[in-house]
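Starting from 1, each residue takes its place in the sequence as its number. Quantities reported herein were computed from a predicted structural model and do not represent experimental measurements.
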Amino acid sequence: MFIELANKRYSLRSYQDKEVEKDKVLKILEAARLSPSAVNKQPLHYLVVTNPEDKQKIVDSYPRDWFKNAPVIIVVCLDHSKSWIRRDGKDHGDIDGGIAIANMTLAASDLGLGTCIVCHFDSKKVEEDFNLPEDMEAIALLPIGYPTTEDIPEKKRNSIDEIVTWIE
């Protein structure tokens with residue numbers, strides 16, 4: 001059931017020292033590929049980083065001990081030249097990215113893997129280190145790996161009454 005899967009997903013910050021199988025990474029990327037995008041523009045691109053030298057470049061953009069232990073880091077990139085821009089100037093690429101990231105995190109959980117969405121990183125450094133084109137922005141990092149524990153932390157979420165207004 002979808003709600004069980006959504007409840008199982010959490011921000012993992014403790015990864016096993018265990019390689020993630022390429023077929024599982026491909027399934028996670030397929031979940032991103034299948035995600036909807038505004039006007040079907042599909043403006044996203046993904047860098048899958050597994051080698052130590054390139055992972056270190058990313059870790060340098062977000063220097064946290066827990067982060068450097070993730071076996072895979074996906075850099076979610078937005079090509080602003082491809083994203084749909086609403087008439088008032090709103091670039092919907094960030095929304096497209098959020099949807100794709102949600103799909104990837106849920107797919108990872110379904111495969112027994114953990115993730116943590118990282119947005120507080122030096123995106124300019126990542127863009128320079130990986131020679132991204134001018135219109136391409138690194139919008140998020142998604143470390144992926146096997147959890148060190150099977151315990152799923154309790155979610156702290158507002159109640160439905162706190163987040164919903166019914167307009168009938």
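- Y10 and I152 get closest at one heavy-atom pair: CD2-CG2, 4.0 Å.
- Of all the heavy atoms in L111 and K24, the pair that sits closest is O-NZ, 3.4 Å.
- Atom-to-atom distance recorded for F121:CZ and D60:CG is 13.5 Å, nearest 0.5 angstrom.
- Checked by atom type and distance alone, the side chain of K155 pairs as donor or acceptor with a backbone atom of R9 at under 3.5 Å.
- Hydrophobic clustering keeps V59 apart from V76 (ILVMFWY residues linked when any side-chain heavy atoms are closer than 4.5 Å, directly or through intermediates).
- A salt bridge does not link K125 to E128: none of the charged nitrogens lies less than 4.0 Å from a carboxylate oxygen.
- Looking only at side-chain heavy atoms (C-beta outward), V25 and V48 come within less than 4.5 Å of each other.
- In this structure, K57 forms a cation-pi arrangement with F130, its terminal cationic atom sitting closer than 6.0 Å to the ring centre and no more than 45° off the ring axis.
- Rounding to the nearest 0.5 angstrom, the gap separating the NZ atom in K18 from the CG atom in L113 is 8.5 Å.
- The side-chain heavy atoms of W84 and N40, taken from C-beta on, include no pair separated by under 4.5 Å.
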Inset, instruction - Take W66 and L12 through the side-chain contact (heavy atoms from CB on, under 4.5 Å) test and state the conclusion after the steps. - result: CA-CA 9 Å; W66 69 267; L12 178 66; over 6 Å; no
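- The residues R86 and D88 are annotated as salt-bridged, a charged nitrogen and a carboxylate oxygen being separated by less than 4.0 angstrom.
- Contact check for L47 versus C77: side-chain heavy atoms found under the 4.5 Å cut-off.
- Two residues are said to be in side-chain contact when any heavy atoms from C-beta on lie closer than 4.5 Å; D122 and V126 fail this criterion.
- Taking a 6.0 Å sphere around CG of D23, one finds it holds more than 12 heavy atoms contributed by other residues, nucleotides or ligands.
- In this structure, L44 is not a member of the same hydrophobic cluster as I73, with clusters built from ILVMFWY side-chain heavy atoms closer than 4.5 Å.
- Hydrophobic clustering (side-chain heavy atoms under 4.5 Å, transitive across Ile, Leu, Val, Met, Phe, Trp, Tyr) groups I163 together with W166.
- Counting heavy atoms from C-beta on, the side chains of I85 and S83 come closer than 4.5 Å.
- Rounding to the nearest 0.5 Å places CG of L78 at 4.0 Å from NE2 of H80.
- For S81 and D79, the side-chain atoms include at least one donor-acceptor pair closer than 3.5 Å.
- E19 places no side-chain N or O within donor-acceptor distance of the main-chain N or O of P71, the cut-off being under 3.5 Å.
- Here the CD1 atom belonging to I101 is positioned 9.5 Å from the OG atom belonging to S35, to the nearest 0.5 angstrom.
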Legend entry - side-chain contact (heavy atoms from CB on, under 4.5 Å) between V75 and I58, intermediate numbers included: CA-CA 9 Å; V75 181; I58 297 172; 3.6 Å; yes
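- Side-chain contact between M136 and H45 is present, with heavy atoms from C-beta onward closer than 4.5 Å.
- None of I28, T50, T105 except one satisfies the side-chain contact (heavy atoms from CB on, under 4.5 Å) rule with I144; the exception is I28.
- For the pair H92 and K90, the minimum side-chain heavy-atom distance is below 4.5 Å.
- In this structure, D65 and N69 approach most closely via the heavy-atom pair O-ND2, 3.5 Å.
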Inset, instruction - Show your working on side-chain contact (heavy atoms from CB on, under 4.5 Å) between V118 and L142 and close with a plain yes or no. - result: CA-CA 6 Å; V118 175; L142 192 63; over 6 Å; no
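- Taking OG1 of T115 as the reference point, atom CZ of R13 lies at 10.0 Å (rounded to 0.5 Å).
- When the side chains of ILVMFWY residues are joined at heavy-atom separations under 4.5 Å, either directly or via intervening members, I139 and M104 end up in a single hydrophobic cluster.
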Inset, instruction - Given side-chain contact (heavy atoms from CB on, under 4.5 Å), test E127 with E137 step by step and report yes or no. - result: CA-CA 7 Å; E127 292 160 16; E137 176 187 5; 3.5 Å; yes
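- Annotation for E134: atom CD does not count as buried by contact number, only 12 or fewer foreign heavy atoms lying within 6.0 Å.
- At least one side-chain heavy atom of P143 sits under 4.5 Å from a side-chain heavy atom of Y15.
- Residues A107 and A31 come closest through the heavy atom pair CB-CB, 3.7 Å.
- Of all the heavy atoms in D110 and K8, the pair that sits closest is CA-NZ, 4.2 Å.
- Under the 3.5 Å distance criterion, the side-chain polar atoms of Q16 are matched with a main-chain donor or acceptor of P147.
- Residues K27 and E30 are not paired through a salt bridge, judged by the lack of any N-O separation under 4.0 Å between the basic side chain and the carboxylate.
- For the residue pair S37 and D96, the shortest heavy atom distance occurs at CA-OD1, 3.3 Å.
- V20 is connected to Y46 through a chain of hydrophobic side-chain contacts under 4.5 Å among Ile, Leu, Val, Met, Phe, Trp and Tyr, so both are in one cluster.
- Judged by the 6.0 Å and 45° rule, R64 forms a cation-pi pair with Y62.
- To the nearest 0.5 Å, the span separating CG on L5 from CG on L106 amounts to 5.0 Å.
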